[in-house]
Protein chains: 4
Amino acid sequence: MQIDTRSHVPIYLQIADGIRAAVAAGLYGPNDPLPSLRSLALHVHVNPNTVQRAYDELEREGLIYAQRGKGLFVAEQGTASAQTHAQDGVRRALDEAVRAARAAGMSARRVREIFEATLDRISEPERDRP
Amino acid sequence: MQIDTRSHVPIYLQIADGIRAAVAAGLYGPNDPLPSLRSLALHVHVNPNTVQRAYDELEREGLIYAQRGKGLFVAEQGTASAQTHAQDGVRRALDEAVRAARAAGMSARRVREIFEATLDRISEPERDRP
Amino acid sequence: MQIDTRSHVPIYLQIADGIRAAVAAGLYGPNDPLPSLRSLALHVHVNPNTVQRAYDELEREGLIYAQRGKGLFVAEQGTASAQTHAQDGVRRALDEAVRAARAAGMSARRVREIFEATLDRISEPERDRP
Amino acid sequence: MQIDTRSHVPIYLQIADGIRAAVAAGLYGPNDPLPSLRSLALHVHVNPNTVQRAYDELEREGLIYAQRGKGLFVAEQGTASAQTHAQDGVRRALDEAVRAARAAGMSARRVREIFEATLDRISEPERDRP
DNA sequence: GTGGTCTAGACCACA
DNA sequence: GTGGTCTAGACCACG
């Protein structure tokens, strides 16, 4: 998971999004244990409080549940819920991007070009670039 | 121009983006006067200081220039600068959206479907909804 | 006279300084007529009101006097007064510059180097530079 | 740091200059923490917003970076950047002072006299005056 | 009327 | 505690 400390999106939401995406993608199935607060905090170089807030968010959403002393787990309906949520997010992000492009007078064709280039670039496996 | 007070993007940046888009789209050409601080503040229901900050941003960017007591104007190179900037923004937004989609396990095909639907929807002329 | 609209020093003070310097340098002697409000305003591309404020300033200072319907003239003691004032200004400006240099840890020697280079450059007649 | 509320230079720029000088002089090295917004505001008897604006300026300049909830720090390249910037400032100030002196008809020799006196005065260690 | 600076005080995100 | 954003309202310089 990547955290962008300079983004305007609060870090705890970036973390929640990352978890949600991982669940949506099936990396964690129903009743699978999620990374512990501390381990995730270390991994993304963030204060545990911040991770706590992200997990709070997801628990309130019903995507995960906590078991005292054991940890956090994906809820029964977690996968479907995460997929819906993630898809809404993507839809909203694309909507915003296209809206901005059109406001700046960009042609639909030009936006599509950029989109396809982006899709190609990101669908390829990551590799170092010169 | 639309302001979303619930967005994580600060209002002053939303305003700056709006102006930048308008300049990129050619609504304001080089040396054209821009809306005054106070009039724009009234229009978007925001404090003049917030608009000021947006204009500061654009002035630093070289997109506009201020004349004390006269007003704000599009810079000579404003159109080109705005177009470059706006296109970078769209590219970044699309990148982020696609990245999120892929992280959530969405297929390239599915992302493209959503994108095309969005493009269609937004390219249609705006109309009042009942 | 040169006006820097981007300076923090108000334009009317820049104009007053310019007139004061011209009087100190002897370009205008006692009882000589000064440029009219309008002609000076045209010359420096500034609103006549602004020039008016500059002249007000100088009149209050006793450097010039107005004759209804005739124009503005250098006062009897104008030259000496202007010279004193100008010298004070230079002293203050140098003081500020040196203070800033020392605060930034620059050696006295280094400051002197820059000063001498500046003096050389400005004492030469102006010419186009490649 | 000294603030001159009667100067035409905005307070936030005076503060930015002060910090820049301190960094240029090596009082704060790369990654050193700078005074917090609020503490500096108290120290110079100014509103925290004004200090914030000064720090914004320096952050944009690449001299410092902010960490939310942690504080403000000197950037890796901060020292060099500050020195360049400070030297440019001194050069500009000297240029302006000399230009004013010459416009007022002062001889190069006279300007040098004043300069050397200033340098002597300021290079002496500060002492309390009765 | 215009833009530019400053204050006082509020709320948020984060450690 | 930290930095970041916003508001309300003031005063200045300029046209």
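Lettering follows sequence order; numbering is per chain, from 1.
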Measure [atom1]/[X] against [atom2]/[N] and give the value in whole Å, please.
X     : N      : atom1 : atom2 : answer
D:R53 : F:dG3  : CZ    : P     : 18 Å
D:I64 : F:dG4  : CD1   : C1'   : 13 Å
C:D56 : F:dA13 : CG    : P     : 14 Å
B:Y55 : E:dT5  : OH    : P     : 16 Å
C:I3  : F:dG15 : CD1   : P     : 11 Å
D:I15 : E:dT7  : CD1   : C1'   : 13 Å
B:R6  : F:dC6  : CZ    : C1'   : 18 Å
D:L42 : F:dG3  : CG    : C1'   : 15 Å

By nearest-heavy-atom nucleotide on DNA chain F, the more 5' of B:V9 and C:H45 is B:V9
Notebook entry, point to check: Is the shortest side-chain N to carboxylate O distance from A:E96 to A:R99 below 4.0 Å?
Noted result: no
Modelled atom types, side-chain donor and acceptor of [X] and [Y], under 3.5 Å:
X     : Y     : result
D:S36 : D:S39 : yes
B:Q14 : B:D4  : no
B:Y12 : B:N47 : no

task: Using a 4.0 Å heavy-atom cut-off across all strands, classify C:Y12 as base, sugar-phosphate, or nothing.
output: sugar-phosphate
What is the nucleic acid contact for A:N47, judged by heavy atoms within less than 4.0 Å: base, sugar-phosphate only, or nothing?
sugar-phosphate
The answer to which of D:K70 and B:Q52 contacts DNA chain E further toward the 5' end, by nearest nucleotide, is B:Q52
Heavy-atom nearest nucleotide on DNA chain E taken for B:H8 and for D:I11; more 5' hit belongs to D:I11
If you only use heavy atoms from C-beta on, which nucleotide in [options] is closest to the side chain of [X]?
X     : options               : result
A:P10 : F:dT7, F:dT2, E:dC14  : E:dC14
B:N49 : E:dG4, F:dT7, F:dG4   : F:dT7
D:E59 : E:dG3, F:dT2, F:dG4   : F:dG4
D:R68 : E:dA15, F:dA13, F:dG3 : F:dG3

Over 12 foreign heavy atoms within 6.0 Å of CZ, D:R60: yes
Mate of F:dG9 across any strand shown (Watson-Crick or G-U wobble, both atom pairs under 3.5 Å) is E:dC6
Does a side-chain N or O from D:T50 land closer than 4.0 Å to OP1 or OP2 of E:dT7, or not? yes
Query raised in the report: Does a distance-only test, which skips hydrogens and angles, find a donor-acceptor pair under 3.5 Å between the side chain of B:R38 and the base of E:dG1?
Result: no
